[in-house]
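So the structure is just underneath, and the comments pick up after that.
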There are 2 protein chains.
Amino acid sequence: MNIRHLTFRLLQVYIAVIRTGSISQAASQLHLTQPTVSQQIKRLTEAVGEELLEIREGQYQPTYVGRELYHAALDALGRFDDFNSFLSEAAQGNKGHFSLGVVTTAQYVLPLLLSPYTQQYPGVDVTFNIGNRSSVLQRFQNQLDDLYLFSHPPTGDHVVSGRFLRNPLVLIAPLKHWAAKRKSLKFSELINERFLMREPGSATRMMFENWLRDQNYQLHNTLQIESNEVIRMSVETGLGLAVLSEHTLAQANAKVALLPVKDFPLISHWYLVRHSDRRLPVAAHNFIQYMNAHLSEWVDEKYIRNELDLLLGGRG
Amino acid sequence: MNIRHLTFRLLQVYIAVIRTGSISQAASQLHLTQPTVSQQIKRLTEAVGEELLEIREGQYQPTYVGRELYHAALDALGRFDDFNSFLSEAAQGNKGHFSLGVVTTAQYVLPLLLSPYTQQYPGVDVTFNIGNRSSVLQRFQNQLDDLYLFSHPPTGDHVVSGRFLRNPLVLIAPLKHWAAKRKSLKFSELINERFLMREPGSATRMMFENWLRDQNYQLHNTLQIESNEVIRMSVETGLGLAVLSEHTLAQANAKVALLPVKDFPLISHWYLVRHSDRRLPVAAHNFIQYMNAHLSEWVDEKYIRNELDLLLGGRG
DNA sequence: GTAAGCCATAGATAATTATCAATATTTACG
DNA sequence: CGTAAATATTGATAATTATCTATGGCTTAC
């Protein structure tokens, strides 16, 4: 058949004829005159090069070939119906819903990302699913969420991930601490200091502990505090040293000293991740675009490492 | 979007642009000038009502919406590619292939049906799969064959079946047998005769045994022979009585007597069966049509009971 | 800064399409 | 056989489409 002159409209007309079993009825259903439909069918028949209709039991019924065309037409039109629903979804843009799988260790970055966005797009509904790394990984495998937030992205074929935020972890001390006066330090000199730590599982603590393990250091005097803010204030008041994300200091204009220890600040990143097989809901796509465009407005330039483009390519 | 002015051609052009990432290249690929393609894209963009393309990395790349349209276009065109292969298959008509599931008991009807057809359409390749009833039923369930030949069609939702041939089973005796002289007989008078029977599971034997059970008769002297031909010849030579399909006699100009027993000939039919979910290959469809049209040319009118129309309607 | 590519726009034209009203033809049915 | 209903055909027209050539604007590469 000659597909070049095939119109979707022609298929619509054809479908109406098959459904009604009559050219006149199809015509009135489509608000056309009977000859118009007659002609369209003729044209379609010519395009296909085979008879499509035959009269059986007083009705127009598709021939064997016509029946196949009918199904092809239904499928093609159906596909574009889907595309249309997608379009109207996209047209809304500011409404919608998406879900976010978040590793527990990442839950502290969330507000930073989401609050500007949700203020801008109050119509968008975001669902969080917070779990430990392995449970979020499993959610990823089963494609349960639209987007994922990791501090270390999973590996594998279907992972599409992009870093977007540097997360330097600095070693801080009270301003009056003896080490604050030094131009350079070895960590071994601090081994007996009291360290204020986040709870186990915190990304910051994990990073720090991994580093300690790598370097074969063991701390003797630690104190667990469950909030970055309280840790910062405690360091200010001289309670001990701590490793904290630099962000938490910058935001608060902290009165602490950064200790110039080799390897510090420890570098890590936040990653936004999606599954390559899953079509991103419009809202999720918007969210990434929004972050991509406005990241610099609410985060200091030096913390930005924007690879979010990577998430916007591909099938979606 | 306005689907009314959407052409398949437009989608082809669009696909070429996405694939090449360039309007000029798409144009040369399609043997068009660059402005033509430019305009087509413009028109398509208007029809959709959203930007479809954007320039990234020096190339035209689809936008989020454009990507979806690309996939919709691929799907729709792909669907019509399939339809086209169907068409060219159908255009051949006299070429092709189909497979036939045949109950063992039906294998003797097969040549009758197929030899005229295969002579007419030597390009068509027919595969037989002959098995006992339960194995053919299983093939039917798994939709392994295109058509099936049963003497009793399966029951169930997806069965589409049509009778096409009466299969009268007659009671025959040697010409010199005492019963051959009688004008009418009761079966009870024959109860002690020797009966030549087909193997268990044969349609003929099943029919006969069902009838015996209904009538509460029990035979005392039976001999099993695995071929209708041999049975017929054995009856001719005086070995015993038998119940046989009338066809096997007519074809062979048999020298036997038909006994005028009440209820005989027993009436059964041959059924052609297909699975409603399976699309009939063109060749199979042709076969049915051919049988439908020419049955009367090679079978005596009195044996015909043509319901093959039933197989030609519906999806196919 | 200039040439080479790419793209968009404009203007023009032939072909095609969508559509109608009027009329002819076929089909079905009493 | 005659009439009503459904279809097909014809003739006409406005709209749309497909296409081209020519031209000007914008990037990019040297």
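Computed from a prediction, not measured in an experiment: that's the story for all the values here. Order of the sequence lines fixes the chain letters, A, B, ..., with proteins taken first and strands second; residue numbering starts at 1 for each chain.
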* To do: With DNA chain D as reference, determine whether A/Gln39 or B/Thr33 sits nearer its 5' end, using the nearest nucleotide of each.
  => A/Gln39
* Letter per nucleotide, 5' to 3', of nucleotides 25-30 of chain C [B base touched, S only sugar-phosphate touched, - untouched; heavy atoms, 4.0 Å] -> ------
* Aromatic centroids of A/Phe150 and A/Tyr271 separated by under 6.0 Å -> no
Check residues 34-48 of chain B and write down every donor-acceptor pair under 3.5 Å in which the side-chain atom is one partner and the other belongs to a residue at least two apart or another chain.
unit_1, atom_1, unit_2, atom_2, d
B/Gln34, NE2, B/Ser38, OG, 3.3
B/Thr36, OG1, B/Thr33, OG1, 2.9
B/Thr45, OG1, B/Ile41, O, 2.6

* DNA chain C contacts made by residues 42-53 of chain A, counting heavy atoms under 4.0 Å -> A/Arg43
* Asked: If only side-chain N and O atoms of A/Thr36 are considered, is one of them under 4.0 Å from the OP1 or OP2 phosphate oxygen of C/dA18?
  -> no
* Asked: By a strict heavy-atom criterion of less than 4.0 Å, which residues belonging to residues 10-32 of chain B are in contact with DNA chain C?
  -> B/Ser22, B/Ile23, B/Ser24
* Whole angstrom value for the distance that separates P of C/dC6 from CD of B/Gln34 -> 10 Å
* Do A/Phe287 and A/Tyr121 have ring centroids that are under 6.0 Å from one another? -> no
* Asked: Does the gap between the ring centers of B/Tyr64 and A/Phe86 come in under 6.0 Å?
  -> yes
* Asked: How would you give the extent of chain B contacts on DNA chain D, as first and last nucleotide 5' to 3' within a 4.0 Å heavy-atom cut-off?
  -> D/dT17 to D/dA22
* Does a nitrogen or oxygen in the side chain of B/Ser38 sit under 4.0 Å from OP1 or OP2 of C/dC7? -> no
* DNA chain C: A/His5 or A/Pro35, which has the more 5' nearest nucleotide? -> A/His5
* To do: Describe, as an angle rounded to 10 degrees, how the axis at the first end of the helix from C/dG1-D/dC30 to C/dG30-D/dC1 is tilted relative to the axis at the last end, five pairs per end.
  => 40°
